[in-house]
Amino acid sequence: MADKREPITHDPSDLPASADVVVVGAGIMGLATAYHLAERWPKRRIIVIDKGYLCSGASGRNGGGIRAQWSSATNIGLMKESLELCADFATAMGVNVWFRRGGYLFLARDEERVRQLQASAELQQEHGLPTRMIGAKEAKGIVPELETRGLLAASWNPDDAVVFPWPFVWGYAKGCAARGVGIFPFTDVLGFERKGDAIAALRTTGGTIRCSEVILATGAWSPEVAAHLGLVLPNRPHRHEICSTEPLKPFLGPLVADLDSGLYCSQSMRGEIVGGISNERVPEGIDHGSSLRFLGLYAKAMVKTFPRFGAVKVLRQWSGCYDITPDGNPIVGPVANVPGLTLLCGFMGHGFMMAPIMGRRIADYLAKGEGVELIERWGLGRYERGELLEEAMILG
Amino acid sequence: MATVRIEVDGDELEVSAEDSVAVALVRSGRWLLGRSVKYHRPRGPVCFRERCEGCLMRVDGVPNVMTCRKPVCAGMKVKTQNVVGSASFDLLSITDWAFPKGLDHHHMWTRFKPTNDLMKKIARRVAGVGTLPEKAMPPQVVETLRMDVVVVGAGYAGVAAANEVARCGASVLLVDEARARGGEARLLSAAGLEDEDEEQIRLSPPVAYRRKTTALGVYRARPSGEVLDGGIVLVHNAEGLCAVECNALIVASGVTGGAVAFPGNDLPGVITATGALVLLSRGVQPESVGLVGDGPLLSALAGRLRDLGVRCHGPFAGADVQAHGKSQVETLRAGKKSHRVEWVVAGAPPSAAGELAVQGGATMTWGDGGFFVDAGNDGSTSSPFIFAIGSCTNRRGQAALEQALAAARLATGSS
């Protein structure tokens, strides 16, 4: 069944001299955006550039969790839609992504966490989600390997899901190519040329592209790219580690998470347990190393939560970088003194699951001026105005 | 020869007490130990030194055990994994029969949602190789050690380096996965191809040596997060885990033989040259063998096999042969002739077992038909903390020994 595959990315040396729109960052966020923009702007020349290769960034390194259990109406509403887009992705884009609705189980070990999860669950129910609080006994019924001593309650949404991330990138890239969007890997931004305040061109390792419309979907690299424009972004890169185990026959239904330790794990379609845990003591900036500290933290927390996992073999550990913001919410939309620039960053390590819906929303905003409310809520200007937002359900 | 009784898939088997599980099974005539993940094709041990996936079985309730180096013990329970039915009659091998040209799982059944959903359900059901271990393991305390130098690999180069480190007055831990020192040389001698040089593996006290110990990883920061000039080497053996903080790591991990591409090369019974050496060293030999590929090791092996009275066919080039058999290799077809064989030994130029060095910051480059760790004649790499010596840097014999001594001196700051 070997089919003839056309290459979906271009040679960096073929970089055009001009474009109508340049999306910087060919992760899922940039590709989804370009894909939807190309549909709304079929006559415009849209290209996506990336300093690495497809899947080299966070889009290729994450654990593939897709959930609607959030603590703000905005996030719940967005992710409810994104989940459905992910469920349809394989048939819509013609590539298997192994979307599986095993649910998400958030554990609560103290009364404060129970209250927080309860409040979020109620808000999710108002949005029509089947999320509900369950007791330790019911949690053990869903995950028999769970140690329930010390477990007070859990928040359970059976409709939350996990996917394998890479084919999302391939699928959007293929879709982009089919819509005439050029994707140029190994193309790094060196600087910008301005015409007054407005962007006139991007200088890259592959040459200069005359362009006035630029979208920054560069995740952890956003602050350093924005700095070329004299723009100081409040987000900063953070390294997050992850590991996977030997493949076991399927037994773990949901993704299990503990917001206090940041521990999470799920079983992939190949049978591997994929998971991570919070770790603040990481090198600053962009770093893709792996640490002994992570292994120790993860192993201890895992065995406390699932005693039978002690003899399971970890096969490999790796890491990825995402950008974190002062208020746990993304930074999206135009920038006051840089006409032509649109930011699409600050997703706190949850950009992958948000990309399917955000790609649409940003395209609708840019092409049709729709959805201004979201753009204003998540705009960069909120920090100056002191209008910080909140989000309690962040794993990372 | 002392024997013990083990249980394999419910049947009792009497085996030599000195054998590993995989060697015991091969000696008893069973090469088919498991099935491949996707197509459920027959699988058996290939390398016999924990560098492939062919020997994975469930042992005493623990999944995915590498049986090639798992010593047998009385009452051990061994089970085939990943089959519906038995190892020889796995119902799921219908996948292999149904998709002779391969199964494109990336694009299959993406047209309609109901069939796509069904396909995913099936895919998840058949995925995975072992089942969760039966028992919870009691928590283990990680041993911590402080050494000036850690040497990974107790072949001739590693032993020379460790001895030199000790001679320079520094503390050194030498580890090796095998049960005896000597690496490739010992294997050649145990298989009757060469005479071992006992001098080369003699340790000068106070070299600390741990055998049957694997170096799992190397890190440049403590668990507290504190970044080190040196690093921590994580080693593991039957006693548990040990984190060794050191100023320098000398990697002497050797090489792994390459694979030769030919139809049927995944059949149980198709093994590497070093795999053949392991079997010969345990006194297991075939009646007839097919040789594929090239290299000095393969020719030396052919000579030894002939001396043992084994009927040898070849060596043939990989492009000229096909291996055939149902659950293990039965014939090797070369040109128009079909040879009945018990083993096929396929030899290709080796590559460095360089993962540890690369994790620590060294680099690997392609050359001489394989990948080797980039290291100078003094063992230095692109990381000031990592040294690499011996065959993993594509050096052997006297050049390797000189490199080992130079690396030891650099590692201890004595040069």
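Everything numeric in this text was worked out from a predicted model, so none of it was measured. The chains referred to below are lettered A, B, ... by the order of the sequence lines, with proteins before strands, and numbering in each begins at 1.
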(request) Could you grab the distance from atom OG1 of A/Thr245 to atom CG of B/Asn64, nearest 0.5 Å is fine? (result) 9.0 Å
(message) Can you tell me which portion of A/Pro307 sits under 4.5 Å from chain B's heavy atoms? Options are side chain, backbone, both or neither.
(response) both
(message) For A/Trp166, I'd like to know if atom CH2 has over 12 heavy atoms of other residues, nucleotides or ligands within 6.0 Å.
(response) no
(request) Please report the closest heavy-atom contact between B/Glu134 and A/Arg308, naming both atoms and the distance. (result) O-NE, 3.4 Å
(message) Measuring only between side-chain heavy atoms, which start at C-beta, is B/Thr110 closer than 4.5 Å to A/Val95?
(response) no
(message) What part of B/Val62 gets within 4.5 angstrom of chain A, counting heavy atoms only: side chain, backbone, both, or neither?
(response) side chain
(request) Mind ranking B/Lys121, B/Arg111, B/Arg125 by heavy-atom pairs under 4.5 Å with chain A and telling me who comes out on top? (result) B/Arg125
(request) Measure A/Asp88 against the heavy atoms of chain B and call it side chain, backbone, both or neither at under 4.5 Å. (result) both
(message) If you define the side chain from C-beta out and look only at heavy atoms, does anything of A/Asn96 sit under 4.5 Å from B/Met119?
(response) yes
(message) I'd like to know which of A/Gly271, A/Gly289, A/Ala87, A/Pro167 tops the heavy-atom pair count under 4.5 Å against chain B.
(response) A/Ala87
(message) Does any backbone or side-chain atom of A/Leu252 lie under 4.5 Å from a heavy atom of chain B? Answer side chain, backbone, both or neither.
(response) backbone
(request) Find out whether A/Lys249 and B/Gln81 are in side-chain contact, i.e. whether some heavy atom of one side chain is under 4.5 Å from a heavy atom of the other. (result) no
(message) Please check if the number of heavy atoms outside B/Ile94 that lie under 6.0 Å from its CD1 is greater than 12.
(response) no
(request) Check whether any side-chain heavy atom of B/Lys120 sits under 4.5 Å from a side-chain heavy atom of A/Met269, and report yes or no. (result) yes
(request) Look at the aromatic rings of A/Trp98 and B/His105 and report parallel, tilted or perpendicular, splitting at 30° and 60°. (result) tilted
(message) Can you tell me which portion of B/Leu132 sits under 4.5 Å from chain A's heavy atoms? Options are side chain, backbone, both or neither.
(response) both
(request) State the CZ-NE2 distance between A/Phe164 and B/His106, to the nearest 0.5 angstrom. (result) 8.0 Å
(message) When you compare the side chain of A/Pro247 with that of B/Val37, does any pair of heavy atoms fall below 4.5 Å?
(response) no
(message) I'd like to know which of A/Glu145, A/Lys300, A/Gln317, A/Met93 tops the heavy-atom pair count under 4.5 Å against chain B.
(response) A/Gln317
(request) Using a cut-off of under 4.5 Å on heavy-atom pairs, state which of B/Gly217, B/Pro100, B/Gly130 scores highest against chain A. (result) B/Gly130
(request) Mark yes when over 12 heavy atoms from residues, nucleotides or ligands other than A/Arg179 sit less than 6.0 Å from its CZ; otherwise mark no. (result) yes
(request) Against chain B, label A/Phe99 side chain, backbone, both or neither, depending on which of its atoms sit under 4.5 Å from a heavy atom there. (result) both
(message) Among B/Ser224, B/Ala123, B/Gly225, B/Pro139, which residue has the highest count of heavy-atom pairs closer than 4.5 Å to chain A?
(response) B/Ser224
(message) Looking only at heavy atoms and a cut-off of under 4.5 Å, which of A/Val303, A/Thr91, A/Leu292, A/Leu295 has the most pairs with chain B?
(response) A/Leu292
(message) Check this for me: A/Arg270, atom CZ, are more than 12 non-hydrogen atoms of other residues, nucleotides or ligands nearer than 6.0 Å?
(response) no
(message) I'd like to know if the side chain of A/Lys313 and the backbone of B/Val65 have a donor-acceptor N/O pair within less than 3.5 Å.
(response) no
(request) Could you tell me whether A/Lys304 atom NZ has more than 12 heavy atoms of other residues or ligands within 6.0 Å of it? (result) no
(request) Go through the atoms of B/Asn82 and report whether side chain, backbone, both or neither lie under 4.5 Å from a heavy atom of chain A. (result) side chain
(message) Run the side chain to side chain contact (heavy atoms under 4.5 Å, CB included) test against B/Ala127 and tell me which residues pass, sequence neighbours left out.
(response) none
(message) Does B/Glu50, at its CD atom, have more than 12 non-hydrogen atoms belonging to other residues, nucleotides or ligands within less than 6.0 Å?
(response) yes
(request) State the OG-CZ distance between A/Ser268 and B/Arg124, to the nearest 0.5 angstrom. (result) 9.0 Å
(message) Can you tell me if B/Lys79 has over 12 outside heavy atoms packed within less than 6.0 Å of its NZ?
(response) no
